[in-house]
Student: 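Take this structure first; my questions come after.
Everything numeric here is computed off the predicted structure, so don't read it as measured data. Within every chain, numbering begins at 1; the chains are lettered A, B, ... in the order of the sequence lines, protein sequences first and strands thereafter.
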Amino acid sequence: MTTCTECGADVALHDDAEAGEIVDCTTCGAELEVIDVSPPVLEKAPELEEDWGE
Amino acid sequence: MSGFVFSEKPISIERGEDVHLYADSGTEYLDFGASYACTPAGHCHPEVVDAVQSQAGELLYAQASYGNGTRDVLYERLASFAPGGLDNVWLCNSGTEANEAALKFARSATGREKVVAAKRAFHGRTMGALAATWKAKYKAPYEPVMPGVEFVDYGDADALAEAVDEETAAVILEPVQGEGGVHPAPEGYLQAAQDVTDDTGAALILDEIQTGVGRTGTHWACQARDVTPDILTAAKGLASGLPLGATVCADWIAEGAASHGSTFSGNPLVAAAATATLDVVEGEALAENATTVGAHLQESLAELPVRDVRGEGLMVGVEVKRGANRLLKGLAIEHQVLALPAGRTVVRLLPPLTATEAHADAVVGALEAVLAEVSA
């Protein structure tokens with residue numbers, strides 16, 4: 001368990017989480033990047049450079 | 001001058017046929033996003049094209065406040081396609097407008113302001129629908145949006161019951177959350193929403209913009225749960241990609257709706273396309289095909305090294321450990337498969353409902369290959 005950098009709420013990571021993964025804060029919806037897993041460190045995820053979504 | 005807002009991609013689409021799109025280069029793409037889920041009958045289904053061409057020769061548009069036979073046919077067709085008891089139809093041009101109208105009608109019919117929506121929800125980008133959309137990235141640059149919206153955890157019936165009270169005008173929910181990551185409503189959740197709105201006099205709005213028109217295996221996803229909302233909203237696949245939204249209401253909502261309007265409401269060209277689309281979806285049993293092919297697709301995807309596979313019918317989400325974006329690029333560029341994201345970690349598959357198991361197998365093979373390429 002770690003905390004959201006945007007709202008401070010608890011954020012749970014998967015047991016097999018890896019650096020570079022993107023997780024959503026379930027409290028505020030912020031998109032967070034896993035920087036490290038031991039101990040867990042999150043940062044606000046960067047915007048996509050090339051968006052293949054909408 | 002050039003367009004903006006949409007991200008530019010190095011593919012220019014010029015033609016479509018059934019599940020395929022064709023670029024100006026002649027390259028064939030398998031469209032497993034159905035172009036934002038807008039082509040349930042496939043691209044350019046001959047019956048839809050015939051209906052549009054025929055209508056175009058008669059009347060493209062006349063002032064919407066006058067009657068029109070083509071629009072009347074669609075009203076009847078939509079009422080017969082919708083869950084029982086919902087036979088009051090408001091037509092507009094998009095999903096967000098359908099939800100905007102739903103929120104307005106709920107407020108005027110109840111005389112209340114408060115709206116309860118779900119975390120992870122996506123209901124559109126106009127100021128009311130945007131207010132009921134959860135993610136800050138969609139809203140923050142445009143604040144203030146419509147006030148009075150409270151968010152609860154999706155799927156938590158107790159939290160919903162606690163949030164809804166005699167001040168609540170509406171509860172708005174997606175039967176399967178789409179943009180939020182493809183999350184089907186858990187067993188009993190929509191029934192609980194119907195119960196609490198019935199008890200408090202609030203309106204239950206079900207946003208079926210993505211789930212509707214057969215995508216999840218029934219005409220509307222709420223029918224599989226035996227829930228009939230007070231307001232059902234539809235768009236996307238309704239007119240095979242032509243711009244159409246619908247807000248389908250129970251009598252008490254329609255009777256309480258205040259002034260509302262739209263210049264292009266139910267214009268005959270789009271209405272003709274919609275009636276033909278609904279005829280094809282029903283006549284070719286495409287909802288049933290969605291169930292069959294969707295089950296096969298989910299079963300095959302579950303064999304891949306991914307976090308989760310979930311969905312209903314041909315609305316399927318594949319949650320991956322690393323970002324979905326580069327998988328989508330790999331699918332498109334290397335394997336000529338077009339799909340969509342649902343958030344940053346979910347690949348969303350929403351093919352035309354005409355897709356076959358062979359198409360599904362091709363997509364699973366392509367996804368397996370890009371997953372291997374990304375982890376290599």
Student: Under the 3.5 angstrom rule, does the side chain of B:Lys119 hit a backbone N or O of A:Cys28 as a donor-acceptor pair?
Tutor: no
Student: Do B:Lys321 and A:Asp16 come within less than 4.5 Å of each other through their side chains, counting heavy atoms only?
Tutor: yes
Student: Can you confirm whether A:Val23 sits close enough to B:Arg344 that some side-chain heavy atom of one is under 4.5 Å from a side-chain heavy atom of the other?
Tutor: no
Student: Based on non-hydrogen pairs under 4.5 Å, which of B:Arg120, B:Arg326, B:Arg348, B:Lys135 is most in contact with chain A?
Tutor: B:Lys135
Student: Can you tell me if CD on B:Glu368 sees more than 12 non-hydrogen neighbours from other groups inside 6.0 Å?
Tutor: no
Student: Where on A:Glu18 is there a heavy atom nearer than 4.5 Å to chain B: the side chain, the backbone, both, or neither?
Tutor: side chain
Student: How far does CH2 of B:Trp134 sit from OG1 of A:Thr26, to the nearest 0.5 angstrom?
Tutor: 6.5 Å
Student: Which heavy atom of A:Ile22 sits nearest a heavy atom of B:Thr345, and at what distance?
Tutor: O-CG2, 3.2 Å
Student: Against chain A, label B:Lys137 side chain, backbone, both or neither, depending on which of its atoms sit under 4.5 Å from a heavy atom there.
Tutor: side chain
Student: Counting only pairs under 3.5 Å, give me each side-chain donor-acceptor contact of residues 154-162 of chain B, with atom names and distances, residues two or more places apart or in other chains.
Tutor:
unit_1, atom_1, unit_2, atom_2, d
B:Tyr154, OH, B:Glu174, O, 2.5
B:Tyr154, OH, B:Pro175, O, 3.1
B:Tyr154, OH, B:Ala185, N, 3.4
B:Asp156, OD1, B:Asp158, N, 3.1
B:Asp156, OD1, B:Ala159, N, 3.0

Student: Below 4.5 Å from any heavy atom of chain A, which atoms of B:Arg307 appear? Answer side chain, backbone, both or neither.
Tutor: side chain
